[in-house]
Amino acid sequence: IVRDGNRRLRRRRNALAGGVAGTLAVVAGAAALTLGGHSASRAVQPADNPAKPLSYAVGSVIHSDGTTIDVGTKIESMVSVEDGFVFSGPDRTVYLETNGATHALGHIDGASSRLYASDDGLVAAWWDGEQIQTWPGYRYNGSGEEVVEDSTHSFGVASTWPSGAPPHVEALSDGHLWTWDGQHTVVAEVRPLTSTAGWKDAGFSDPEMIRSAAGARVLIRVGDGMAVVKANLLPPPHQPGWADWEPGTDVSGVGAQVSGVTDGVLSPEGDHWFTQDSDQFAVFDSATGERQDPRYEDLGFAFAAPYQWLGNDTIAALALPKATNDPQLISLLTCHVSTNDCTVTARDIGDKTEVAITVGESLQHQ
C-alpha cells in the first residue's frame, strides 16, 4: 500500500467529469510567505485540545473513539464529518452515518471516484457522474442568516466553463472547493457568501500545482520541491481587509522551500505539513521548512505512511510489518508533531481488502 511516490493515500488529483456551475467566489490568489532557512531549534507545538479520534472501518463496522457501529453494508471508502461519517458501499451508494443512524445521500460515480471532506468536518463532496454533490446543503434565509440543511447541494455541469475541460479537484478546505478548470485555479464556495465574484491567478500553471489548502495557506509544487504560500482569499463582506483586497497574485517567482518532495498535506491551521513521498514519513514546518521524522520503527513496523491530520499536532498513519505491497495486516498509528513519536492505536485490524480508513477512497485503489 502506498509504496511508491506516485501512490498517495490522500489524492487531490482526481479529474471530475463535469464542472462547477454554482457560485464562483474567490479565485485562489496567493502571496508568498516570507520563508527563512532551516532553524536550529523548533518551537514546541501545543497539544491538540481536542484532536479528532482515529477512526476506521473493518467490513461493515466503523470503529471510532472506543465505540463500534455496524452500518449493515461493507464500507469501500469513508471520510469523517462533524457528527459522523460519509461513506460509500460496494454499489457506490453514498451514505451518511450520524448518531448510529444511516441514510443514503446519493451515488458516487465509478469505483475509482473518491469522497472529499474538509478538515473541519463541515463539508463533504463527491462526483456523481453529472454533478458535484456537497453535504450538507447551505443557504441563506430571507433574513440573511445561514441555514444548514440535512441534504445535498448540487453544482451542475457548467456549459460556460472557461476551457470547456472537466476540472480537477485540488483541495477541499474551510468551505472552499479548489479546482483546476484546464486553464486556471478556481475556488467555488460550497458554503454561501453574500457576495459573488471570480478572478484568474497568475503563476498557477497546471492542475498538479496545488497539493493542499488549510488555515489560509496553500501547499504548492514548484521547481524541484514544495513551498507554502499564503492563500489570498477574499475576506467576507464588511470584514477588515475587504476594501484593500487585490486579486490576481502572481506566484511564478516562488521557489521550492523543501526540495526532493512532490506532495504533502497541510495541518488544519497550516503551520506544518507531512509527506510520504519516496516512502518518507516526514513533517515540515511551514515557515522554516525544518524537517522532522516521526519515530515508529521501534514499534515493530518497517513502513508507515501518514494519511490524515486528526488535529494540528496529531497525525494518523498506516503501518505495515514489511516494506512491501504484499497482503499483510494493517496497523494504525497516532503520531504527534510536538513529541515526534508514534503510538499504536489499532494493531493488525485486517488487510487492504477489509479495511477502510478516512481518506475517501478504497485502499485497494492506492
Side-chain angles (χ1 to χ4, degrees), residues 1-14 30-43 45 168 170-171 178 180 185 203-215 217-231 251-267 269-297 301-309 312-313 315-320 322-325 333 335-338 340-342 359 366:
I1 303 169
V2 214
R3 272 292 296 157
D4 60 67
N6 292 323
R7 294 181 179 182
R8 297 177 175 91
L9 284 172
R10 191 170 178 179
R11 269 326 302 151
R12 285 174 160 81
R13 177 181 296 182
N14 301 63
L33 295 173
T34 301
L35 302 176
H38 288 244
S39 172
S41 63
R42 181 177 65 252
Q45 180 74 7
H168 293 254
E170 296 176 301
W178 301 65
W180 171 264
T185 290
F204 292 103
S205 55
D206 65 69
E208 304 303 322
M209 191 167 183
I210 293 180
R211 312 311 307 148
S212 181
R217 298 183 185 184
V218 184
L219 179 66
I220 62 173
R221 182 186 299 170
V222 59
D224 65 346
M226 306 288 291
V228 177
V229 297
K230 186 176 180 180
V251 298
S252 58
V254 175
Q257 179 194 32
V258 177
S259 299
V261 292
T262 61
D263 202 12
V265 179
L266 281 163
S267 64
E269 294 181 10
D271 51 5
H272 286 83
W273 54 280
F274 66 65
T275 185
Q276 59 182 60
D277 272 14
S278 303
D279 301 332
Q280 303 177 77
F281 183 173
V283 179
F284 299 93
D285 186 285
S286 294
T288 66
E290 183 183 3
R291 172 176 176 150
Q292 299 173 234
D293 296 284
R295 300 181 298 272
Y296 63 85
E297 293 85 351
F301 302 104
F303 171 75
Y307 64 86
Q308 183 189 16
W309 289 92
N312 211 52
D313 183 52
I315 298 169
L318 180 152
L320 299 174
K322 298 180 292 184
T324 73
N325 274 329
L333 311 179
C335 306
H336 295 279
V337 176
S338 56
N340 205 39
D341 60 7
C342 302
V359 295
Q366 303 304 315

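Hydrogens, waters and symmetry mates play no part in the numbers below; they use all other heavy atoms, side chains included.
- Counting heavy atoms from C-beta on, the side chains of Phe281 and Asp293 never come closer than 4.5 Å.
- In this structure Ala214 satisfies the side-chain contact (heavy atoms from CB on, under 4.5 Å) test together with Asp119, Ser173, Leu266, sequence neighbours excluded.
- With Asp313 contributing its side chain and Val337 its backbone, the two residues share a donor-acceptor pair below 3.5 Å.
- For the side chain to side chain donor-acceptor pair (under 3.5 Å) test, residues two or more places apart in sequence or in another chain that qualify with Gln280 are Arg291.
- Taking every heavy atom of both residues into account, Gly289 and Phe284 meet most closely at O-CD2, 3.5 Å.
- Here the closest non-hydrogen pair linking Gly255 and Ala227 is O-CB, 3.5 Å.
- Checked by atom type and distance alone, the side chain of Arg217 pairs as donor or acceptor with a backbone atom of Gly270 at under 3.5 Å.
- With sequence neighbours excluded, no residue forms a side chain to side chain donor-acceptor pair (under 3.5 Å) with Thr275.
- Using modelled atom types, no side-chain atom of Asp224 and backbone atom of Ser259 make a donor-acceptor pair closer than 3.5 Å.
- Nearest heavy-atom pair across Val359 and Tyr307 is CG1-CD1, 3.5 Å.
- At distances below 3.5 Å, at least one donor-acceptor pair connects side-chain atoms of Asp277 with backbone N or O atoms of Thr262.
- Atom-to-atom distance recorded for Ser212:OG and Met226:CE is 8.0 Å, nearest 0.5 angstrom.
- In this structure, Val228 and Gln257 have side chains that are in contact, with non-hydrogen atoms separated by less than 4.5 Å.
- A pairwise comparison of heavy atoms in Ala282 and Pro294 identifies CA-CD, 4.5 Å as the closest pair.
- Closest heavy-atom contact between Pro306 and Phe274: CG-CD1, 3.5 Å.
- When side chains are defined from C-beta on, Arg295 counts as touching Asn340, because their heavy atoms get closer than 4.5 Å.
- Asp271 and Ser286 are not linked by any side-chain donor-acceptor pair at a separation below 3.5 angstrom, with hydrogens and angles left out of the test.
- In terms of heavy atoms, Gln276 sits closest to Ala305 at OE1-CB, 3.7 Å.
- Although no hydrogens or angles enter the test, the distance criterion places no donor-acceptor pair under 3.5 Å between the side chain of Arg211 and the main chain of Leu219.
- The line from NE2 of His336 to CD1 of Ile315 is 9.5 Å long, rounded to the nearest 0.5 Å.
- The aromatic rings of His272 and Trp309 are tilted relative to each other, their planes meeting at an angle between 30° and 60°.
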Discussion item. Working note: Asn312 + Ser267, criterion side-chain hydrogen bond (donor to acceptor under 3.5 Å, both in side chains); need CA distance, chi angles, decisive distance, verdict.
Written reply: CA-CA 5 Å; Asn312 211 52; Ser267 64; 3.1 Å; yes
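- Distance CZ/Phe303 to CG/Leu318: 7.5 Å, rounded to 0.5 Å.
- The side-chain contact (heavy atoms from CB on, under 4.5 Å) test with Trp273 singles out one residue from Asp263, Val261, Val283, and that residue is Val261.
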